[in-house]
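Note that ligands are numbered from 1 as they come in the structure, with each ligand's atoms numbered from 1 the same way. Just so you know, these numbers use all the heavy atoms, side chains as well, and skip hydrogens, waters and symmetry mates.
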Amino acid sequence: MGKVEELLNSVDAIIWEWDVREKRYTFVSQQAERILGYPLSQWQTESEFWLVHLHPEDKERMVAFQERLLREKLEQASVDYRMVAADGRILWLRERVTVVVEDGKVTKLRGVTMDITEAKEAEERFFKAFHSSLTAMAIARQEDRKFVEVNDQFVALTGYSRDELIEQAPEKLQLWLPSPDRAEKEEQLRRQGEIREWEKRLKRKDGSVRDVLTSIVAIEIGGQPCLLFNLLDITERKQAEAILRDARNALEFQVRQRTSDMETFVYAVSHDLRAPLMALEGFAQALLEDYADRLNETGRDYCRRIINAARKMDQLINAVLDYGRLSYRELTVGAVSLERIVDDALQLLEAYLTQKDARVIVTRPLPEVVGHYALLVQIVVNLLTNAVKFTPPDRKPEVKVWAEKLEGIVRLWVEDNGIGIPVEHQERIFQPFTRLHPETAYPGVGIGLAIVKRGVERMNGKVGVLSEPSKGSRFWIELPASKNDPLPA
Ligand code: ADP
């Protein structure tokens, strides 16, 4: 065997030469035997060997191909076809053929034939999946972007027929609405060979527009670089999202509107109520100052009472407003340190505590809770004020503050050595304007504990009290513990 022949035999393809006049192979490399199973001698002796063993369905096409080859004297041509192997298997072959022209006549054909059965089978499986896919799919050639294959879903999505899509120039179809990120995506396709979930807008044949989620992958089909499009129609989803978003915005607007309506209303009411009150107080004051000599002691006492009542009324209006605000104001909660809250409350009360000669003992450190900072300061101020206020005049107020960490919650205690509360009143005192004592004994309007209760409840907590008359009281508030609190439970 010569060197060249040895070389030809070692290539993983059938290399052959065919004599046009004699209609037989003059050379076939050894791979022919391995690939198709027929002995080499049969290739060269059997008349019309190639035609005989062609797959019946490909015969007509291949005869036409050969005729064209000879007629047009094509220098290079490529074709895929099937042959039946010696054992009956059907093999897919890809052939590249050259015509040999001598004295203006085609004398020989020479070619290289490869076994592409596996690739073809994979391709077939791919097309099966392609056509049964529930999403719209299409394949376009990379070089001219013309569709070479589309599935039924794609036809349905675009509204064009198969024929109107296949091999049509993209400029003519104008399927896509311009998208701002197009250049960026094309670049990504070039660099990474794929684009995932690109939101594009597709114009159907009837002019209607659909939102589609598009994935594009570079693939090779029959040796040709192509792009595989996978489209998901998300128009309805986008519409639902938009409706939901609008509804949410409308709701938020309503809440804000209502809150601001309430603020306006409350402001107007308090203003309208305050004006006559100020008149009452002002004229009573004027009587006391300018007409003192014409009033006897009883008259002057009446004037003082009018002034006090007006001031009290003012306090009550403020209390009602504070309490009301707690219900309609928006509250955003977050992690806050009780340590800081108690410290800030104590600072606000400094003058009062000094005046009452009160002692407050805080067991530190205090944990973090989930709540609203300013509201919590107000709550602690109210509890501390009561603890100091409801102590008999002959006793020095002593207040203890500490916290307990339980499963997911924190309980803050405020204990005093004051007058205590009879059991039957312990629930009542958290109602607005409930007081157990006359103003003269202990001043106040009876709103402090109501604010404590409603405030804590708005922060998803609870309140309570343990007490016995003359044995002091222990008030507690319970709040969700902050998850990132460093203190052990
Ligand atoms: P105010 O302090 O203005 O009276 P609160 O709502 O704070 O209003 O309290 C309601 C009532 O509960 C008080 O009038 C008092 O009778 C009782 N009270 C509250 N805290 C204590 C306390 N620490 N010791 C005894 N009684 C208390």
Side-chain angles (χ1 to χ4, degrees), residues 270 308-327 338 341-342 345-346 348-349 351-363 374-404 411-459 461-479:
S270 62
N308 282 339
R311 286 184 184 157
K312 182 80 196 175
M313 182 75 184
D314 191 51
Q315 280 179 13
L316 281 167
I317 291 171
N318 279 334
V320 173
L321 295 183
D322 284 349
Y323 186 67
R325 258 186 218 115
L326 255 187
S327 311
L338 282 180
I341 285 170
V342 170
L346 285 174
L348 284 172
L349 288 174
Y352 182 63
L353 295 177
T354 314
Q355 178 210 327
K356 289 281 190 174
D357 198 17
R359 204 156 82 102
V360 180
I361 303 153
V362 182
T363 309
L375 183 55
L376 270 170
V377 172
Q378 191 186 356
I379 285 166
V380 173
V381 163
N382 289 2
L383 289 175
L384 289 174
T385 312
N386 283 351
V388 173
K389 182 163 72 177
F390 295 103
T391 308
D394 57 344
R395 204 180 299 158
K396 226 175 99 169
E398 218 177 88
V399 184
K400 287 182 191 142
V401 178
W402 75 96
E404 262 180 297
R411 195 178 275 181
L412 181 75
W413 291 88
V414 178
E415 179 183 323
D416 63 49
N417 58 344
I419 56 172
I421 307 154
V423 178
E424 66 271 24
H425 297 314
Q426 285 177 7
E427 247 187 77
R428 246 164 40 86
I429 53 172
F430 290 99
Q431 300 292 322
F433 308 112
T434 310
R435 311 202 67 238
L436 306 178
H437 312 278
E439 176 81 31
T440 43
Y442 298 100
V445 292
I447 201 75
L449 284 181
I451 286 178
V452 169
K453 183 173 156 75
R454 186 169 280 190
V456 167
E457 283 171 354
R458 280 217 59 191
M459 292 183 285
K462 289 184 203 154
V463 295
V465 63
L466 301 176
S467 180
E468 263 180 65
S470 77
K471 291 217 174 123
S473 310
R474 279 180 185 186
F475 281 84
W476 57 264
I477 61 168
E478 216 173 72
L479 288 165

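Of the charged side-chain nitrogens involved, none lies within less than 4.0 Å of a carboxylate oxygen, so that R311 and D314 do not count as a salt-bridged pair.
For ligand 1, the polar-atom distance check against F475 finds no nitrogen or oxygen pair separated by under 3.5 Å. For ligand 1, the polar-atom distance check finds no N/O of G420 at less than 3.5 Å from any of the ligand's N/O atoms. Among the atoms of F390, none of the N or O lies under 3.5 angstrom from an N or O of ligand 1.
The shortest heavy-atom distance from G418 to ligand 1 is not under 4.0 Å. In this structure, V445 is part of the shell of residues with a heavy atom less than 4.0 angstrom from ligand 1.
Residue contacts with ligand 1 for I447 involve N, CA, C or O but no side-chain atom from C-beta outward (heavy atoms, distance under 4.0 Å). Proximity of K389 to ligand 1, defined as any heavy-atom pair under 4.0 Å, is confined to the side chain (atoms from C-beta onward). Residue V452 does not touch ligand 1, judged by heavy-atom distances below 4.0 Å.
In terms of protein heavy-atom proximity, atom 10 (C) of ligand 1 is closest to T434 O, 3.2 Å. Ranking the protein heavy atoms by distance from atom 8 (O) of ligand 1 puts G446 CA, 3.1 Å first. Closest to atom 23 (N) of ligand 1 among all protein heavy atoms lies D416 OD2, 2.8 Å. Among protein heavy atoms, atom 7 (O) of ligand 1 sits closest to N386 ND2, 2.8 Å. At the top of the distance list for atom 17 (C) of ligand 1, counting protein heavy atoms only, stands I429 CG2, 3.8 Å. Remark: minimum distance from atom 5 (P) of ligand 1 to any protein heavy atom is reached at L449 N, 3.5 Å.
Every atom of ligand 1 with a heavy atom of L436 under 4.0 Å away is listed here by number and element: 14 (O), 16 (O). Here is the list of ligand 1 atoms found below 4.0 Å of a heavy atom in I421: 25 (C), 26 (N), 27 (C).
When all heavy atoms are compared, the tightest approach of P443 to R435 is O-NH2, 3.3 Å. Nearest heavy-atom pair, E398 versus I361, reported as atom, atom and distance to 0.1 Å: OE1-CD1, 4.3 Å.
Taking the six-membered ring where the residue is Trp, F390 and H437 present tilted rings, their angle falling between 30° and 60°.
Shown are V456, L412, V381, L479; of these, the side-chain contact (heavy atoms from CB on, under 4.5 Å) with L376 is made only by L479.
Of the possible polar contacts, one joining the D416 side chain to the S473 backbone as a donor-acceptor pair under 3.5 Å is found.
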